[in-house]
Amino acid sequence: GFVSVPVRVLFQVVDGNDNSPRLEAAEALLHVRTDAPVGTVVGSVNATDADVGPNSRILYRLVTASLDFSVDAFSGDVSVATDLCASQDCAISSSPQQVLTIEAMDLGIPPRYSNRITVTVAFNDSSNRPAILW
């Protein structure tokens, strides 16, 4: 006949990277004074991912080119990257605002990308007059 031997089998369920990061909003409006020092955090974007482990870890990326602002890859903080009034020609004199596009990606293999968020940064000049958005 047959001999029956008990065997212990372990199964490890691994999360597949089947969810894309989701940004909390499609657009945001932030304000910054033109005399804000380099490194000033103007605001932040946030995304979540329903996966677990590395598949849920998120990096942020500035899609549009900008010399004036940067986004922290880990926190999503939007910061002043340069002196906004380095010369007589302040950033506000050419435009009262700057539009940035930011996306998030997870660290899954392959990575998945979020929808994009449009962030409008309105400049307030250092004399405290509010920016006029067209």
Side-chain angles (χ1 to χ4, degrees):
F2 290 99
V3 176
S4 171
V5 178
V7 177
R8 179 180 248 176
V9 178
L10 277 175
F11 290 97
Q12 182 177 6
V13 179
V14 178
D15 178 53
N17 192 26
D18 55 346
N19 293 291
S20 295
R22 290 187 166 270
L23 287 157
E24 289 183 349
E27 53 189 47
L29 175 62
L30 307 175
H31 295 270
V32 64
R33 290 173 47 107
T34 54
D35 63 351
V38 172
T40 299
V41 175
V42 178
S44 188
V45 297
N46 190 46
T48 57
D49 192 310
D51 291 314
V52 296
N55 296 336
S56 69
R57 292 196 190 110
I58 296 172
L59 293 178
Y60 299 91
R61 179 176 82 92
L62 189 59
V63 177
T64 51
S66 174
L67 298 175
D68 298 323
F69 299 97
S70 63
V71 64
D72 185 277
F74 301 102
S75 69
D77 287 347
V78 178
S79 302
V80 176
T82 189
D83 185 348
L84 298 174
C85 268
S87 67
Q88 297 279 66
D89 198 22
C90 288
I92 195 171
S93 65
S94 59
S95 173
Q97 65 188 26
Q98 191 171 130
V99 178
L100 309 172
T101 303
I102 298 172
E103 73 179 356
M105 66 175 271
D106 64 29
L107 295 181
I109 299 175
R112 293 180 66 114
Y113 294 85
S114 69
N115 51 322
R116 293 178 174 182
I117 182 172
T118 302
V119 177
T120 302
V121 182
F123 297 114
N124 295 337
D125 72 19
S126 55
S127 65
N128 287 324
R129 293 183 310 224
I132 299 171
L133 302 180
W134 305 103

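Reckoned from all heavy atoms, side chains included, excluding hydrogens, waters and symmetry mates.
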Verify the cluster assignment for [X] and [Y]: are they in a single hydrophobic cluster under the rule of side-chain heavy atoms below 4.5 Å apart?
| X | Y | answer |
| --- | --- | --- |
| Val119 | Met105 | no |
| Leu107 | Leu23 | no |
| Ile102 | Leu59 | no |

Quick one: does [X]'s side chain have a donor or acceptor within less than 3.5 Å of a partner on [Y]'s backbone?
| X | Y | value |
| --- | --- | --- |
| Asn19 | Asp49 | no |
| Tyr60 | Ala47 | yes |
| Asn124 | His31 | no |
| Thr118 | Glu27 | no |

Minimal non-hydrogen separation, [X] against [Y], with atom names:
| X | Y | answer |
| --- | --- | --- |
| Ser79 | Val41 | OG-CG2, 3.8 Å |
| Asn55 | Gly108 | OD1-CA, 3.1 Å |
| Arg112 | Pro21 | O-CD, 3.4 Å |
| Ser75 | Asp72 | N-OD1, 2.8 Å |

Heavy atoms, side chains only, cut-off 4.5 Å: are [X] and [Y] in contact?
| X | Y | result |
| --- | --- | --- |
| Phe123 | Gln98 | yes |
| Arg22 | Ser114 | no |
| Ile58 | Phe74 | no |
| Leu100 | Val78 | yes |
| Val71 | Arg61 | no |
| Val121 | Val42 | yes |
| Asp68 | Leu84 | yes |

(message) To the nearest 0.5 Å, what is the distance between CZ on Phe69 and CG on Leu30?
(response)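 The CZ atom of Phe69 sits 8.5 Å away from the CG atom of Leu30.
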(message) Nearest 0.5 angstrom please: Ile117 CD1 to Glu24 CD, how far?
(response)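 Ile117 CD1 to Glu24 CD: 9.0 Å, rounded to 0.5 Å.
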(request) Would you please name every residue forming a salt bridge (Lys or Arg N to Asp or Glu O under 4.0 Å) with Arg57, sequence neighbours left out? (result)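 Per chain and number, Arg57 pairs via salt bridge (Lys or Arg N to Asp or Glu O under 4.0 Å) with no residue.
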